[in-house]
Amino acid sequence: MSSVRYSFIPVFLCLGFFQSIAQTNVGKPVIKVSGEVTKQLTLSAEDLSKMKRITGTMKDRDGNDHSYNGVALQEILGLAGVTTGKELRGENLAKYLMVKCADGYEVLFSLAEVDSSFTDRVIILADSTEGKPLPSDKGPFRLVVPGEKKPARSCFQVTEFIIKFAKE
Ligand SMILES: Nc1nc2c(c(=O)[nH]1)N[C@H]1C(S)=C(S)[C@@H](COP(=O)(O)O)O[C@H]1N2
Ligand SMILES: [Mo]
């Protein structure tokens with residue numbers, strides 16, 4: 001009888017441990033950058049606030065314009081040592097960026113689609129809209145992809161950027 005009662009103690013200790021990890025993550029959301037990078041990154045909202053900030057506009061699914069503020073996606077990829085600009089040639093043109101979100105939504109871009117040496121459109125990883133933090137169902141981080149006919153690749157609740165080769 002008493003051994004049954006004592007066996008609960010480690011269970012409760014473990015629960016407390018995992019709960020504290022969960023709370024830390026809730027308090028400090030991050031974006032991970034991994035895969036074909038020279039430096040894996042874990043960026044917090046604070047890290048993003050210290051980077052070069054830009055503003056852009058994008059239409060929502062109803063066609064209304066909204067302003068977004070954040071950091072250029074290319075800036076983040078550059079920080080991780082992803083092949084951008086002059087390095088984005090040859091076999092590197094077969095690399096893609098997979099963007100993962102908290103709800104399981106995933107979108108894909110080829111690196112050339114997001115690079116300023118190929119396109120003038122600037123994709124932003126935004127953390128605020130209309131001067132306010134993103135609402136919790138869209139934040140804390142959202143990709144803002146201008147120049148598309150619908151905002152389907154402007155994925156919200158972004159958690160991860162993964163760069164890979166599309167070929168063996
Ligand atoms: N994480 C995540 N992002 C997402 C989606 C989603 O289901 N999950 N839907 C996409 C689609 S299909 C659209 S049309 C837009 C809608 O964005 P809006 O509410 O700002 O118009 O979000 C995009 N981003
Ligand atoms: Mo959509």
Side-chain angles (χ1 to χ4, degrees), residues 18-19 21-37 39-84 88 93-166:
F18 285 116
Q19 201 186 9
I21 291 179
Q23 279 168 353
T24 314
N25 286 342
V26 166
K28 201 184 169 207
V30 291
I31 299 265
K32 285 203 277 181
V33 188
S34 66
E36 292 291 330
V37 297
K39 191 169 177 262
Q40 288 215 17
L41 296 181
T42 304
L43 295 172
S44 65
E46 198 191 344
D47 295 328
L48 292 174
S49 74
K50 291 175 188 156
M51 295 173 71
K52 187 186 170 205
R53 308 283 304 183
I54 56 170
T55 301
T57 305
M58 186 185 65
K59 288 192 192 309
D60 62 19
R61 51 153 61 101
D62 301 319
N64 301 314
D65 279 328
H66 296 278
S67 81
Y68 290 91
N69 185 263
V71 173
L73 172 62
Q74 190 163 358
E75 190 98 355
I76 294 169
L77 298 182
L79 206 60
V82 176
T83 48
T84 59
L88 190 48
L93 290 171
K95 283 181 190 163
Y96 64 85
L97 164 70
M98 175 73 96
V99 187
K100 296 196 170 207
C101 305
D103 62 351
Y105 196 69
E106 296 175 324
V107 298
L108 185 144
F109 299 86
S110 77
L111 282 194
E113 273 187 291
V114 308
D115 196 275
S116 62
S117 65
F118 283 83
T119 175
D120 285 332
R121 70 136 165 228
V122 179
I123 299 177
I124 302 174
L125 180 69
D127 52 21
S128 81
T129 181
E130 317 288 6
K132 287 181 272 211
L134 291 169
S136 58
D137 60 338
K138 296 280 167 70
F141 311 115
R142 177 177 195 169
L143 213 60
V144 172
V145 187
E148 307 217 314
K149 287 189 177 176
K150 46 188 168 184
R153 292 203 292 180
S154 294
C155 46
F156 40 77
Q157 300 183 328
V158 175
T159 57
E160 221 174 331
F161 294 128
I162 302 172
I163 293 87
K164 285 192 177 160
F165 269 110

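Read the numbers this way: they start at 1 and go in the same order the structure lists the ligands and their atoms.
In this structure, N69 contributes its side chain and T129 its backbone to no donor-acceptor pair below 3.5 Å. Although no hydrogens or angles enter the test, the distance criterion places a donor-acceptor pair under 3.5 Å between the side chain of T159 and the main chain of K100. Not a single donor-acceptor pair under 3.5 Å links the side chain of Q157 to the backbone N or O of G104.
Annotation: ligand 1 has protein neighbours D60, R61, C101, D103, Y105, K138, R142, P151, A152, S154, C155, F156, each with a heavy atom less than 4.0 angstrom from the ligand.
Closest heavy-atom contact between S44 and F141: C-CZ, 4.4 Å.
Remark: K32 pairs with no residue by the salt bridge (charged side-chain N to carboxylate O under 4.0 Å, His left out) rule, at least two apart or across chains.
The side chain to side chain contact (heavy atoms under 4.5 Å, CB included) test with L97 is passed by exactly one of L108, V107, L73: L73.
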